[in-house]
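First the structure, in the form of structure tokens, and then the observations on it.
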Amino acid sequence: MGPAVELWKEREMDKTRKKYEKLSEKIMLWEDKKKKKAKRKLHRTERGVEKEKLKAKQRFIDDNERIEIIVASARTHAYESQLKEELKVKEKANLMRTTGRSPCTCL
């Protein structure tokens, strides 16, 4: 039962890692998209009057700060979720080792 448990554990861990790698990639793409949009908006308004340039620059800085906060929060949440899922997999593997059978997945 030991090697089967190890194989199952590795498969589950791989699934979890891939899931969170995709999520991390999604977060990076979202961040890039938002930053590029903010940059375009900055360039569009920079062509105007000096006062507008200052406002646009400040808005750009504020947008980037807001984006960084959101991204940091999303990354933290994703990381914590990944750790929880990996812990569940490890606990199930330990249960499988001790009992000699797979855990019940009934509702």
Side-chain angles (χ1 to χ4, degrees):
M1 192 70 185
V5 172
E6 287 303 316
L7 286 173
W8 177 84
K9 177 183 169 187
E10 285 304 313
R11 280 196 308 266
E12 290 298 313
M13 295 294 272
D14 285 341
K15 276 194 242 178
T16 302
R17 279 189 207 104
K18 286 177 184 176
K19 177 181 172 183
Y20 285 98
E21 284 172 3
K22 276 186 181 179
L23 182 60
S24 180
E25 187 176 317
K26 223 178 197 182
I27 291 169
M28 285 188 333
L29 290 173
W30 182 86
E31 178 185 19
D32 290 342
K33 178 181 159 188
K34 291 296 181 180
K35 284 187 176 185
K36 285 178 184 177
K37 183 178 177 182
K39 191 83 161 174
R40 280 194 311 269
K41 195 172 184 179
L42 171 68
H43 288 305
R44 203 171 34 239
T45 54
E46 270 185 342
R47 297 183 210 129
V49 188
E50 191 67 32
K51 195 174 192 181
E52 287 295 318
K53 285 183 182 179
L54 292 174
K55 282 184 184 178
K57 194 74 145 179
Q58 187 59 44
R59 194 176 322 116
F60 174 73
I61 292 168
D62 293 343
D63 285 347
N64 273 339
E65 288 174 356
R66 183 181 55 81
I67 290 167
E68 289 296 326
I69 290 169
I70 292 170
V71 166
S73 174
R75 283 186 181 139
T76 302
H77 185 265
Y79 179 71
E80 288 171 354
S81 297
Q82 179 182 5
L83 290 179
K84 275 185 190 176
E85 281 192 35
E86 287 177 354
L87 182 63
K88 281 182 185 179
V89 169
K90 289 177 183 177
E91 287 173 352
K92 281 185 180 182
N94 286 337
L95 181 65
M96 289 169 73
R97 279 190 202 98
T98 58
T99 62
R101 59 178 185 220
S102 62
C104 181
T105 56
C106 303
L107 294 176

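These values consider heavy atoms only, across backbone and side chains, with no hydrogens, waters or symmetry-generated copies.
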Open item on the list: Under a 3.5 Å distance rule, please check whether S24 uses its side chain to pair with a backbone N or O of Y20 as donor and acceptor.
Closed with: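 No, because the side chain of S24 does not come within donor-acceptor range (under 3.5 Å) of the backbone of Y20.
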TODO: Give a yes or no answer on whether the side chain of T16 reaches the backbone of E12 with a donor-acceptor pair at less than 3.5 Å.
DONE: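 Present.
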Are any non-hydrogen side-chain atoms of [X] and [Y] less than 4.5 angstrom apart?
X	Y	answer
K92	V89	no
R75	M28	yes
R40	H43	no
D32	K35	no
K19	Q82	no

Task: Residues that K84 engages under side chain to side chain contact (heavy atoms under 4.5 Å, CB included), provided they are two or more places apart - done: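 Not a single residue meets the side chain to side chain contact (heavy atoms under 4.5 Å, CB included) criterion with K84.
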Working to the nearest 0.5 angstrom, can you tell me the gap between [X] [atom1] and [Y] [atom2]?
X	Y	atom1	atom2	result
T99	N94	OG1	CG	10.5 Å
K34	I70	NZ	CD1	8.5 Å
E6	M96	CD	CE	10.0 Å
I61	K57	CD1	NZ	6.5 Å

TODO: Write down the atom of A74, the atom of I27, and the distance for their closest heavy-atom approach.
DONE: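 That closest heavy-atom pairing would be CB-CD1, 3.7 Å.
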Task: Residue pair R17, D14: steps toward the salt bridge (charged side-chain N to carboxylate O under 4.0 Å, His left out) verdict - done: CA-CA 5 Å; R17 279 189 207 104; D14 285 341; 3.2 Å; yes
Open item on the list: With clusters defined by side-chain heavy atoms of hydrophobic residues (ILVMFWY) lying less than 4.5 Å apart, directly or transitively, does V5 cluster with M13?
Closed with: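 They do share one cluster, since a chain of ILVMFWY contacts under 4.5 Å joins M13 to V5.
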Task: Q58 side chain to D62 side chain, donor-acceptor N/O pair below 3.5 angstrom - done: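 Yes, because at least one side-chain N or O of Q58 sits under 3.5 Å from a partner of the opposite role on D62.
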